[in-house]
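Written out below as structure tokens is the structure these notes cover.
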Protein chains: 2
Amino acid sequence: MLTYSEENYLKTIFHLSQGQKHGISTNAIAAKIETKASSVTDMIKKLNEKKLIKYQKYQGVTLTSEGLMAAKMIVRKHRLWEVFLVEKLNFNWDEVHDVAEELEHIKSEKLINKLDAFLGYPTEDPHGDPIPDSKGDMKMINKQLLSELPIKKTAICIGVKDSSSDFLQYLDKQKISLGSKIEILEIEPFDQSYRIKINDYEITVTKKIVNNLFVKTN
Amino acid sequence: MLTYSEENYLKTIFHLSQGQKHGISTNAIAAKIETKASSVTDMIKKLNEKKLIKYQKYQGVTLTSEGLMAAKMIVRKHRLWEVFLVEKLNFNWDEVHDVAEELEHIKSEKLINKLDAFLGYPTEDPHGDPIPDSKGDMKMINKQLLSELPIKKTAICIGVKDSSSDFLQYLDKQKISLGSKIEILEIEPFDQSYRIKINDYEITVTKKIVNNLFVKTN
DNA sequence: AAATAAATTTAGGCAAAGCTAAAAATAAAT
DNA sequence: ATTTATTTTTAGCTTTGCCTAAATTTATTT
Ligand SMILES: [Mn+2]
Ligand SMILES: [Mn+2]
Ligand SMILES: [Mn+2]
Ligand SMILES: [Mn+2]
């Protein structure tokens, strides 16, 4: 049985491992979890002892297959609860993350599987992130950053890289949501600002925005 | 902000206080919470310090109005989650208590009020216990034990005193549920067994059963 | 190749919440 | 009214998860 804290470490290591070749550093974990490197070292030893991660002093850590599965189950819970909050309780997509941070630690396999069924087995959370199924499988979504999309090619907004409340509220304000049709009209060389078309109207946004929106071309 | 443990103590003191004139003893709390008396004394001091209970050495404790409200909000969460699990996720009424023990500690007023609305502002949980509203008010249900019901007087089953899984499963087996019509036909003097009528069929049950069923006469 | 900087680990402590064993206060029985 | 039993509190120790400060290892410069 994992503690609340152990679960958070596993989840964090999982997220930091995405598209990462080498082990995850102590400092990276400390920064993400907002704790001190020495605390991370302590916890790392415990997780290593429990065979949830592979760890060699000074070399960073990677999840074992057991640790990976545990992490995926936490992510599964987090994202399913987010779907519940948005779809059933009418939360806005920028309000759900913190509550899901708590709900993800509720320990009942039966609960999460029944919740999954109740929600209709969703494959993505409200921010476009994939939801692992009960076996840990998640369909990898073919996505690219808007900033990598060629000019004048239309695409569909399917996710956000940064899912902070600030960014999500900005998107609401600009009427950008998952499913919006997006096209880059031109890039201003002087300040790297982007003139983009959302559905049927045009706005100008900064580079930071296009670097945090995922799109897919159909 | 209350810790998980502080919340459990407040809730326990609340439950032990029901229909109780004097303060709640250290041992009573220890027994209910399954811990040692010395641990209870430690926690009691903390809760007293935070002005959530009134405490004088060796005299037992009572909730302050602030502590009472905090306790009611935990009970509210517990019971609303139980309704959710039964009504929306199709849990059986004997399976929900332990999960609700965890869910009751999720800290978001917005969440619980939205859940309340989603469920249609229920006033009772799946075991017939009243659910406090967002102000802490709960309608007191006019109930009596089946054992106190006069012979040959029909009543409706509206709650259980013991809500252990064992008892609830027994009731399922005997097809007794909330809303069932109940009548005591006769009491066998020899072994104190009860011949009772549930809706339209008759069964014999022990004294222990009739001592744990709440009914109301209309 | 040293010297310096950065990252990581160790050592030593702290607070929360539990425990056991002993002391003190209250209640019950003679 | 003592004595005995029960309840409650205190004292001291443990584990988890965190911290600061110091030591050590690895990485980067000169
Ligand atoms: Mn989230
Ligand atoms: Mn978390
Ligand atoms: Mn319950
Ligand atoms: Mn609880």
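Proteins come first, then strands; the chains are lettered A, B, ... in the order of their sequence lines, and each starts at number 1.
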Item checked: Start and end of the DNA chain C segment that chain A contacts, any atom under 4.0 Å from a heavy atom -> dA7(C) to dT10(C)
Note to self: What is the distance, to the nearest angstrom, from the CD1 atom on Ile29(B) to the P atom on dT9(D)?
What the structure shows: 9 Å
Check: For Tyr4(B), which residues count as a ring pair (Phe, Tyr, Trp, His ring centres under 6.0 Å) partner, sequence neighbours excluded?
Finding: His105(B)
Notebook entry, point to check: Toward the 5' end of DNA chain D, which comes first, Ser25(B) or Gln59(A), by nearest nucleotide?
Noted result: Ser25(B)
Next item on the list: Could you tell me which residues satisfy salt bridge (Lys or Arg N to Asp or Glu O under 4.0 Å) with Glu87(B), sequence neighbours excluded, listed by chain and number?
Entry: none
Note to self: My understanding is that only one of Leu80(A), Asp116(A), Val75(A) makes a side chain to side chain contact (heavy atoms under 4.5 Å, CB included) with Ile131(A); could you say which?
What the structure shows: Leu80(A)
Notebook entry, point to check: Would you call Lys207(A)-Glu188(A) a salt bridge at under 4.0 Å N-O?
Noted result: no
Listed pairs under 3.5 Å, donor-acceptor, residues 36-44 of chain A side chains, sequence neighbours left out:
residue: Thr41(A); atom: OG1; partner: Ala37(A); partner atom: O; Å: 3.2

Notebook entry, point to check: For Met73(A) and Ile112(A), what are the C-alpha separation, side-chain angles and deciding distance, and is it a side-chain contact (heavy atoms from CB on, under 4.5 Å)?
Noted result: CA-CA 10 Å; Met73(A) 286 304 110; Ile112(A) 205 64; over 6 Å; no
Note to self: One thing to verify: whether Glu101(A) and Lys11(A) come together as a salt bridge, which I'm taking to mean a side-chain N less than 4.0 angstrom from a carboxylate O.
What the structure shows: yes
Next item on the list: Give the dot-bracket string for DNA chain C, reading 5' to 3', where a pair is Watson-Crick or G-U wobble with both distances under 3.5 Å, ( ) marks pairs inside the strand, [ ] marks pairs crossing earlier ones, | marks a partner on another strand, and . marks unpaired.
Entry: ||||||||||||||||||||||||||||||
Margin query: For dT16(D) and Lys46(A) - does any side-chain N or O of the residue sit under 4.0 Å from the phosphate oxygens OP1/OP2?
Written below: no
Item checked: Residues which pass ring pair (Phe, Tyr, Trp, His ring centres under 6.0 Å) with His78(A), listed by chain and number, not counting sequence neighbours -> His97(A)
Checklist line | Selection: residues 51-58 of chain A, any non-hydrogen atom under 4.0 Å of DNA chain C | finding: Tyr55(A), Lys57(A), Tyr58(A)
Next item on the list: State, to 0.1 Å, how close Trp93(B) and Asp172(B) come at their nearest heavy-atom pair, and which atoms those are.
Entry: NE1-OD1, 3.0 Å
Next item on the list: Tell me whether the guanidinium CZ or amine NZ of Lys88(B) lies under 6.0 angstrom from the six-membered ring centre of Phe118(A) and within 45° of its axis.
Entry: no
Next item on the list: Answer yes or no: is there an ion pair linking Arg76(A) with Glu104(A), defined by an N-O contact shorter than 4.0 Å?
Entry: no
Margin query: Listing request: all salt bridge (charged side-chain N to carboxylate O under 4.0 Å, His left out) pairs with a residue in residues 125-143 of chain A, at least two apart in sequence or in separate chains.
Written below: Arg79(A)-Asp125(A), Glu124(A)-Lys139(A)
Note to self: Any residue in residues 36-45 of chain A with a heavy atom nearer than 4.0 angstrom to DNA chain C? Just list them by number, or reply none.
What the structure shows: Ala37(A), Ser38(A), Thr41(A), Lys45(A)
Report all side-chain donor-acceptor pairs from residues 22-30 of chain A shorter than 3.5 Å, counting only partners two or more places apart or in another chain.
residue: Ser25(A); atom: OG; partner: Ala28(A); partner atom: N; Å: 3.1

Item checked: Listed partners of Phe84(B) passing ring pair (Phe, Tyr, Trp, His ring centres under 6.0 Å), at least two apart -> Phe84(A), Trp81(B)
Next item on the list: Using a cut-off of strictly less than 4.0 Å between a heavy atom of the residue and any atom of DNA chain C, enumerate the qualifying residues of residues 3-23 of chain B by number.
Entry: Thr3(B), Ser5(B), Tyr9(B)
Item checked: Glu7(A)/Lys107(A) ion pair, N-O < 4.0 Å -> yes
